[in-house]
Amino acid sequence: MDGRVVLRMAPFPSGSLHIGSGRMLFVNQHYRERYHGRLLLVFDDTVGSEEKRVETEFFDLILGDCELAGVRPDEVLYKSDRIGRHYPWARRVIERGAAYVCRCPAELLRENRAQGRACPERSQTPPEARDEWDRMLGGSYAPGEAVLRLKTDLADPDPAFRDRVLFRISDLDHPRVGHRYRVWPLLEFSWAVDDIELGITHILRGKDLVVEDRMERYVWDLLEVPGPPFLHWGLLRVREAKVSKSKSYREVKTGVYDGWADPRTWSLRSLDRRGITMEALREFTLSFGMSLTDIEVPAETLYAENRQRIDARTLRRAFVPEAVRLVIDGYPFDLAQVELANHPDRPELGRRTVRAGPELYLARPDLQAHAGEEVRLKDLVNIRLPTDAPVAGGTARAEFTSRPNQRLPRLTWVAVPGAVPVDILEVDGSHRIGFGEAALADAEPRATYQFERVGFVRLDDAPAGTRPVRVVFGHP
RNA sequence: GCUCCCGUAGUCUAGUCCGGUCAAGGAUUCGGGGCCUUCGACCCCGUAACGCGGGUUCGAAUCCCGCCGGGAGCACCA
């Protein structure tokens with residue numbers, strides 16, 4: 001087994017991979033590594049349909065998703081390059097008397113199938129079928145006028161399995177191969193062929209494709225070729241991620257979403273943008289094993305996995321949302337600045353000097369929650385808050401009370417001089433604006449921080465110096 | 001409706017093939033406590049599960065039957 005395993009992943013290029021479809025990447029990668037095998041990426045880009053079009057931009061997008069996830073396929077192939085190889089297989093099936101060219105309109109075909117009724121063409125002899133097949137290939141039929149169908153059992157309990165269509169005619173312009181082919185195989189048959197021709201040893205895929213197993217197996221048995229075993233995983237949904245691929249597609253296309261990295265897509269790249277590491281995502285995904293159960297997991301589980309990985313190396317910074325300017329009467333003059341640790345438990349991550357002073361920004365929600373109370377400004381002094389909280393952007397006065405650390409509610413603050421405007425992009429696409437401490441002024445793009453009492457955020461990939469500083473919320 | 005698949009704590013998972021070592025392990029959540037100048041981290045403690053009903057057996061989460069519940073598919077899409 002070791003070293004001889006060949007796996008394949010077959011995405012349809014219609015969007016970026018999201019948290020659920022990413023499972024394909026991690027599972028295949030996992031088994032590839034475990035058995036030192038090969039992993040092929042085969043774009044399942046047969047011609048599709050009017051509703052399901054192949055779009056070239058998605059080839060690169062998906063390749064980028066793989067790269068991001070740290071999955072490097074040994075080979076990248078396109079089904080659309082391989083269509084010619086499927087025709088001889090069709091011929092073999094016809095020779096066995098197991099396929100015929102059906103000229104029923106789609107409507108009638110479906111009805112007959114539902115009734116378990118045979119179409120007149122079903123009785124074609126192999127030579128007749130071959131002639132008809134040649135006419136199909138030769139262009140005698142228009143799209144919809146003829147299909148090649150497999151003879152199974154019209155009494156099969158599963159109607160979907162009765163004489164499935166193997167090839168159909170389509171005039172759609174394919175973005176890679178144009179009009180090179182008119183006769184296109186359907187997914188099941190194309191895989192029955194390619195899984196053999198590519199020497200695939202194990203097929204690992206989502207259970208949405210289990211019916212297709214049966215078709216592939218049927219063709220292999222018919223042609224007396226041994227085929228690889230199938231393994232499936234159930235549906236994985238993240239509770240908070242109500243993603244629909246078509247919705248994401250629409251919103252990205254119309255610009256409602258900020259591209260495929262918009263947090264609302266829950267795409268791999270959006271998670272990366274939020275500072276969720278691919279290692280965490282990989283562990284998270286793999287933890288579900290190959291169970292056939294459909295599962296719904298709270299995002300918190302993923303967040304916990306990520307927190308475990310990044311907490312110890314992530315620098316702390318102060319951020320104040322819905323900032324209110326607070327002038328503190330009686331503030332001690334010698335406390336113009338304080339030196340703070342970058343991480344409470346990791347001295348090796350260094351320290352920074354932060355401006356303090358009598359003019360500070362505080363969060364309006366904090367002011368409201370503790371109106372009139374004495375509070376501790378974290379790492380600074382104790383003050384008494386005003387009884388009325390002004391609106392965000394307003395100013396209020398507070399009163400210095402004492403210096404020593406006391407067990408009081410601890411609030412986050414940012415000195416007004418040098419405060420950096422920050423815009424947090426939330427998971428639901430909304431924005432939270434506020435001020436961050438001055439140290440954020442020269443933060444590197446893509447750097448991850450923990451905003452104390454807010455959560456883990458990652459800087460967007462904007463040029464340094466962009467104001468407000470754009471960050472994306474990761475998780476608490 | 002038909003076909004296939006799946007049911008272990010709030011959530012996810014180990015165990016089910018090959019019955020005993022499972023009075024069910026782990027993770028996360030939640031509750032309580034400790035510690036640290038974050039509501040984060042860390043440490044300690046705790047709550048909590050074999051869908052239901054029969055059967056086989058000395059013994060069932062594990063095998064059999066029935067029921068109930070959930071999911072997916074039923075395209076000339078992938």
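Remember, it's a predicted structure, so these values are computed and weren't measured experimentally. Residue numbers begin at 1 in each chain, while the letters A, B, ... track the order of the sequences.
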Side-chain ion pair, E197(A) and K79(A), N-O less than 4.0 Å: no

Pairwise C1' distance for U21(B) and A14(B), with rounding to whole Å: 16 Å

Results of side chain to side chain donor-acceptor pair (under 3.5 Å) for R239(A) - residues two or more places apart only: E296(A)

Ring centroid separation W184(A) to H174(A) under 6.0 Å: yes

Nucleotides 10-17 of chain B: protein proximity per nucleotide (B base, S sugar-phosphate only, - neither; heavy atom, under 4.0 Å): -SSS----

Contacts of type side chain to side chain contact (heavy atoms under 4.5 Å, CB included), residue R274(A), not counting sequence neighbours: P263(A), W266(A), L271(A), I276(A), Y303(A), V427(A), V472(A)

Results of side chain to side chain contact (heavy atoms under 4.5 Å, CB included) for A160(A) - residues two or more places apart only: D158(A), R164(A)

Lys/Arg N to Asp/Glu carboxylate O, R214(A) vs D156(A), below 4.0 Å: yes

Contacts of type side chain to side chain contact (heavy atoms under 4.5 Å, CB included), residue A118(A), not counting sequence neighbours: R122(A), L154(A)

With R176(A) via side chain to side chain donor-acceptor pair (under 3.5 Å) - residues at least two apart: S80(A), D81(A)

D311(A)/R316(A) ion pair, N-O < 4.0 Å: yes

C67(B) versus C2(B) - spacing of their P atoms, nearest Å: 12 Å

Of residues 371-385 of chain A, the positions that come close to RNA chain B - non-hydrogen atoms, cut-off under 4.0 Å: R376(A), K378(A), D379(A)

Residues that W133(A) engages under side chain to side chain donor-acceptor pair (under 3.5 Å), provided they are two or more places apart: none

Please produce a list of atom pairs where a protein N or O lies less than 3.5 Å from an N or O of nucleotides 29-33 of chain B.
residue : atom : partner : partner atom : Å
U29(B)  : OP1  : E300(A) : OE2          : 3.2

Pairing residues for L459(A) by the side chain to side chain contact (heavy atoms under 4.5 Å, CB included) criterion, not counting sequence neighbours: A443(A), Y449(A), V469(A), V471(A)

Base versus backbone protein contacts along nucleotides 73-78 of chain B [heavy-atom cut-off under 4.0 Å; B, S, -]: SS-BBB

Residues that E305(A) engages under side chain to side chain donor-acceptor pair (under 3.5 Å), provided they are two or more places apart: R309(A)

Rounded distance in Å - CG (L236(A)) to P (A72(B)): 14 Å

Distance flag, aromatic centroids of F43(A) and F59(A), threshold under 6.0 Å: yes

Polar side-chain contact Q450(A)-U38(B) base: donor and acceptor under 3.5 Å: yes

